[in-house]
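Each chain gets a letter, A, B and so on, in the order its sequence line appears, and its residues count up from 1. Below, each value reflects all heavy atoms present in this structure, side chains not excepted, and no hydrogens, waters or symmetry copies.
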Amino acid sequence: MNDAHGCQLGHDDAAYVLGALPPAERLAYERHLATCPECAASVRRIAGLPGLLGRLTLDAVESAPEPEPLPDTLLPRLVEGVRRQQRRRRWAVGLAAAAAVVAIGAAGATVVAVTSEDEPPPTSAGQAMTPLDQDRVDASIALTSVAWGTRLDLTCSYDEPSGGYQHDDPPPTYSLVVRTQDGAVEQVATWKALPGKTMHLTGATALDADQIASVEVRTAEGRPVLQLNG
Amino acid sequence: MAESPVALMRQLHDEHAAALWGYCLRLTGHDRARAEDVVQETLLRAWRRMPDLDESQGSVRAWLFTVARNIVIDDWRTKRSQSEMTVAEVPDGAGEADRTDQVLLSWVVADALTRLSPEHRAVLVECYYRGLPVAEAAERLGVPVGTVKSRAHYALRALRLALEEMGVVA
């Protein structure tokens, strides 16, 4: 759209909403607005901006702070995060293959299996995780120190909603994350919850068990729903 | 997808890390270590969503700001549920989130103003912050009145665009 849309007063919208037109011009412009839908629309688009500008004082605007330089460590950490994720993805493909083997009949294999509730879990029971909110998910987790780091065996169930289950709803996705003693967060597994099913899954981290401050189950949006402090 | 995953991440970093860093510093009350964690987590989530995120309708930056904010607020909730489980507490997370949103909104407006050209910023300073009519602004800036009006016109358009990118106005 042409800003001025062929209208002589097409650029007056800003001076008008900023309150910078002298009284006579303001009145003339208001009369014009009643007859020019383009100018009226253009005023509506910017009418909210003075309110936002008003959040700042003249001093704050004139002494705009210098942007702080990015930490040098950020980009290397991001690249490392990408590489780690890719290794995990490759590993996840391997896990899916292993799960297929489990389904064929290697009962007791530790990797990934989905069982119905009446089958015994393949791993030892862990500690129950504490719910942080009113979600329909329960889990217990066992942390085992191994040569390459820590294995996390999670047993997780997701209640079938009582009545009125919307079959159209996609199953919710959860992730298992560990938080280190120094506050870093690492995701170690993700899965889709299947209503009424109990799942056993194994996450892995190179961290030693004593470096782990807490373990959380989070929703796809990153909201923690279950937690266990180390 | 021709681009390597690392190149994709570098691109996200180059385009958005600086703005996200400023935002996260405010979000975390200038806790640099925490802010860096939040930037990292946010950009990794964005990277995992590529190329869907890039092709979606909204602005990538608005998405990033929303995710960063949610990460910080989730963290408060977690901390509260750890430390204050037994305390019947009246103020809730919403109040805290609101206060933070107010501080952030002011910062977002200030940041958007820094993206304007010096000419555009100057005209807003004269006409809005000093409250001068266009004729006096023209005199102070040494340009014709018509130029003040058209600069103000383009300044507000640019400001609106910058705020839209940060997800403040739709």
Who wins among A:D12, A:V79, A:I46 for the most heavy-atom pairs under 4.5 Å with chain B? A:D12
For atom CG of A:D72, is the number of surrounding heavy atoms from other residues, nucleotides or ligands below 6.0 Å larger than 12? no
Indicate yes or no for a side-chain donor-acceptor contact from B:R160 to the backbone of A:R45 under 3.5 Å, with no hydrogens or angles considered. yes
Most contacts with chain B, counted as non-hydrogen pairs under 4.5 angstrom, among A:G54, A:A14, A:G81, A:G48: A:A14
Which region of A:R26, side chain (C-beta onward) or backbone (N, CA, C, O), has a non-hydrogen atom less than 4.5 Å from a non-hydrogen atom of chain B, or is it both or neither? neither
Once rounded to the nearest 0.5 Å, what's the spacing between atom CD of B:Q40 and atom OG1 of A:T73? 9.0 Å
Check B:L20, B:T42, B:V72 against B:V67 for a side-chain contact (heavy atoms from CB on, under 4.5 Å) and give me the one that passes. B:T42
Heaviest contributor of heavy-atom pairs below 4.5 Å to chain B, chosen from A:L56, A:D13, A:V185, is A:L56
Region of B:L25 in contact with chain A, defined by heavy-atom distances below 4.5 Å: side chain
side-chain contact (heavy atoms from CB on, under 4.5 Å) evaluation trace for A:H32 with A:T35: CA-CA 5 Å; A:H32 171 71; A:T35 62; 4.2 Å; yes
Who wins among B:V109, B:L43, B:L132 for the most heavy-atom pairs under 4.5 Å with chain A? B:V109
Is B:I71 in contact with chain A via its backbone, its side chain, both, or neither, using a 4.5 Å heavy-atom distance? neither
Contact leader toward chain B among A:P224, A:A15, A:G19, where contacts are heavy-atom pairs under 4.5 Å: A:P224
Describe, in one word, how the ring planes of B:F65 and B:Y23 are oriented to each other, choosing from parallel (under 30°), tilted (30 to 60°) and perpendicular (over 60°). parallel
Pairs of heavy atoms under 4.5 Å with chain B: top-ranked of A:L70, A:L58, A:L18: A:L70
Using 30° and 60° as the class boundaries, would you call the ring planes of B:Y154 and B:H120 parallel, tilted or perpendicular? parallel
For the side chain of B:R121 and the backbone of B:L113, is there at least one donor-acceptor N/O pair under 3.5 Å apart? yes
One option among A:P69, A:P71, A:P22 has the most heavy-atom pairs under 4.5 Å with chain B, and it is A:P71
Measure B:R32 against the heavy atoms of chain A and call it side chain, backbone, both or neither at under 4.5 Å. side chain
So, the part of A:Q187 with a heavy atom under 4.5 Å from chain B: the answer is side chain
